[in-house]
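Encoded as structure tokens, the structure appears first; notes follow it.
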There are 2 protein chains.
Amino acid sequence: MFEHTSRHNNNDETVLPIPSNNETSYFDESWTEDDLKQIIRKMNLKVTPQRILILQTLHEGRVHITAQELYEKVQKINSDVGFATVYRFLKGMAESRVVTELRMGSMPTRYELTPKKHHDHMTCTACGKIVEFQNKNIEDHQEKVAKQYGFKLTHHVLELYGICTSCQMKK
Amino acid sequence: MFEHTSRHNNNDETVLPIPSNNETSYFDESWTEDDLKQIIRKMNLKVTPQRILILQTLHEGRVHITAQELYEKVQKINSDVGFATVYRFLKGMAESRVVTELRMGSMPTRYELTPKKHHDHMTCTACGKIVEFQNKNIEDHQEKVAKQYGFKLTHHVLELYGICTSCQMKK
DNA sequence: TTCTAATTGAAAATGATTATCATTACTAGT
DNA sequence: ACTAGTAATGATAATCATTTTCAATTAGAA
Ligand SMILES: [Mn+2]
Ligand SMILES: [Mn+2]
Ligand SMILES: [Zn+2]
Ligand SMILES: [Zn+2]
């Protein structure tokens, strides 16, 4: 459950498969240790082996991961990393917008490295599959709504829930 | 914080103030004890004074309320109501779709009696003001996205976050 | 190298929600 | 109305994710 993720670009009618992968690295690009250090420094934090390892594991691992899952992965590589550090760093990265928090229902928070282009999620409630999509029309209409009420939007949460094709057939 | 709520009907450009109220009853209509009993029976639950009181308080109280807040309100009227019962009944009503759960960020879940017409929420992160809106265009585009990926949608979560007019000025 | 504030990990604390379970109260059937 | 049988209740303990504490360690500026 909750293993399949694909990333697509969807401007209303168009579906453009981009990076897209299921279990492995988040971006096509790989990050050198220097890249990792740069990112950490950019958020005004000191570079520590723990933070490098956590960030690296996050980058190489599955796209939507929980703090617990990330902690376990990191543990296998270096057991000198406490889970408080994972939580702390994850929280810090969320504040710096380096990672994005995903709270789906009442399940534990999942994290993903904030992508260059914003996307939203559609989740199958039967098998946990997550489809990422972008839809400019929806985003535009959100801005319209905000403008109507005089709000200045900072962010939003859009999650679609339903049954995916394969789960519909299994039934 | 988190006290002002207004409900509007917003089909893209149009803003039609409907029932709308801030602190008091949810619907214009008032519910008799028989109404309350009917609702409870409809969800295949037995009618008890606790459930009547909880439902009544929910109906008369603020639109988006936490389990804790509801418990405290109910307590003042009849201290023979345990908070386990409040949580349990709230959970039951959520399953029967009598109430809708609102999970905003990491704050405690808020509940509202499920309205006849679906709406989404826009929240001011400075003062907690919640604006309810309906936007058919967004809903339509959501369905389009779902269709593209073969999903059958069951529900969705759309929350807009930003700064309201008055908070923008205060700054 | 030295100094000091930042970071760390283990463990305890928190806070919302849920589960337990002995007691009580509905209500269908008499 | 009376009773049995089941559902509901509430005090309390348990969960579980996340956060905090704090003493020990470490990064990195000078
Ligand atoms: Mn994603
Ligand atoms: Mn609402
Ligand atoms: Zn599925
Ligand atoms: Zn405000």
Side-chain angles (χ1 to χ4, degrees), chain A residues 2 33-34 36-55 57 64-96 99 101-111, chain B residues 2 33-34 36-55 57 64-96 98-111:
Chain A
F2 292 92
E33 186 155 320
D34 272 336
L36 300 169
K37 289 180 180 174
Q38 297 268 327
I39 294 171
I40 296 170
R41 288 205 192 89
K42 253 176 224 157
M43 38 181 161
N44 299 313
L45 294 177
K46 293 189 173 174
V47 173
T48 66
Q50 290 92 334
R51 284 173 175 163
I52 291 176
L53 179 54
I54 292 170
L55 187 50
T57 306
H64 307 100
I65 197 169
T66 65
Q68 186 62 38
E69 288 167 354
L70 182 54
Y71 166 66
E72 282 162 12
K73 268 200 148 183
V74 162
Q75 268 285 306
K76 286 178 188 162
I77 300 167
N78 181 350
S79 58
D80 291 341
V81 180
F83 78 135
T85 301
V86 173
Y87 269 103
R88 245 181 324 228
F89 189 39
L90 235 22
K91 191 184 65 180
M93 289 193 287
E95 274 165 14
S96 316
V99 300
E101 298 180 330
L102 256 97
R103 290 186 233 276
M104 298 183 359
S106 55
M107 352 200 65
T109 305
R110 288 182 177 275
Y111 298 84
Chain B
F2 292 93
E33 186 156 320
D34 273 336
L36 299 169
K37 288 180 182 175
Q38 297 266 330
I39 294 172
I40 296 170
R41 289 207 189 87
K42 253 177 222 159
M43 38 182 161
N44 300 311
L45 295 176
K46 293 191 173 174
V47 173
T48 67
Q50 289 91 335
R51 285 173 175 163
I52 292 177
L53 179 55
I54 291 169
L55 186 53
T57 306
H64 307 100
I65 196 168
T66 64
Q68 186 61 40
E69 287 167 355
L70 182 55
Y71 167 66
E72 282 163 10
K73 268 200 149 185
V74 162
Q75 268 285 306
K76 286 178 187 160
I77 301 166
N78 181 350
S79 57
D80 293 340
V81 181
F83 78 136
T85 301
V86 174
Y87 269 102
R88 245 185 321 232
F89 189 39
L90 236 21
K91 192 185 62 177
M93 288 193 287
E95 276 166 13
S96 317
V98 172
V99 300
T100 300
E101 297 180 329
L102 256 95
R103 288 187 234 275
M104 297 182 1
S106 55
M107 351 200 63
T109 306
R110 288 183 177 275
Y111 298 84

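Numbers restart at 1 for each chain; the letters A, B, ... are given by sequence-line order, proteins then strands.
Counting non-hydrogen atoms under 4.0 angstrom, B/T109 reaches the backbone sugars and phosphates but no base. Within the nucleic acid shown, B/Q68 has no heavy atom closer than 4.0 Å to any nucleic acid atom.
With the nearest nucleotide of DNA chain C identified for both A/S106 and A/V81, A/V81 has the one nearer the 5' end. With the nearest nucleotide of DNA chain C identified for both A/R51 and B/T66, A/R51 has the one nearer the 5' end.
Distance CZ (B/F83) to P (C/dT18): 11 Å, rounded to an integer number of Å. Following rounding to the nearest Å, B/I54 (CD1) and D/dA8 (C1') show an atom-to-atom distance of 11 Å. For A/N78 and C/dT7, the CG to P distance is 18 Å, given to the nearest whole Å. For A/L53 and C/dT7, the CG to C1' distance is 15 Å, given to the nearest whole Å. For the pair A/M107 CE and C/dT17 P, the computed distance is 16 Å after rounding to whole Å. As a whole-Å value, the separation of A/F89 CZ from D/dT20 P is 18 Å. Atom CZ in A/R110 sits about 11 Å away from atom P in D/dT18, given to the nearest Å. As rounded to whole Å, 15 Å separates atom C1' of C/dT27 from atom CG of B/N44.
Out of D/dT20, C/dT18, C/dT8, the shortest distance to the side chain of A/Q50 is found at C/dT8. Residue A/A67 has its side chain nearest to D/dT18 when only D/dT18, D/dT9, C/dT17 are considered. For B/P108, counting side-chain heavy atoms from C-beta on, the closest listed nucleotide (D/dT9, C/dT8, C/dT17) is C/dT17.
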Base-contact (B) and sugar-phosphate-only (S) positions in nucleotides 21-30 of chain D, heavy-atom cut-off under 4.0 Å, - elsewhere: B-----BS--
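In this model, the phosphate group of D/dA17 is not approached by any side-chain N or O of A/R103 to a distance below 4.0 Å at OP1 or OP2. Taking only side-chain nitrogens and oxygens, B/Y87 never comes nearer than 4.0 Å to OP1 or OP2 of C/dT18.
Note on A/K37 versus A/E33: salt bridge recorded, some NZ/NE/NH1/NH2 to OD/OE distance being below 4.0 Å.
Not counting sequence neighbours, the partners of B/Y71 by the side-chain contact (heavy atoms from CB on, under 4.5 Å) test are B/Q68, B/Q75, B/F83, B/V86.
Atom CZ of residue A/F89 and atom CD1 of residue A/I40 lie 4.5 Å apart, to the nearest 0.5 angstrom.
Contact record, B/M107 with B/M104: CG-O, 2.8 Å, taken as the closest heavy-atom pair. The heavy-atom pair separating A/V74 from A/I54 by the smallest distance is CG2-CA, 4.0 Å. Nearest heavy atoms, A/E69 versus A/R110: OE1-NH1, 3.2 Å.
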Criterion side chain to side chain contact (heavy atoms under 4.5 Å, CB included) on A/E95 and A/M43, from CA distance to verdict: CA-CA 9 Å; A/E95 274 165 14; A/M43 38 181 161; over 6 Å; no
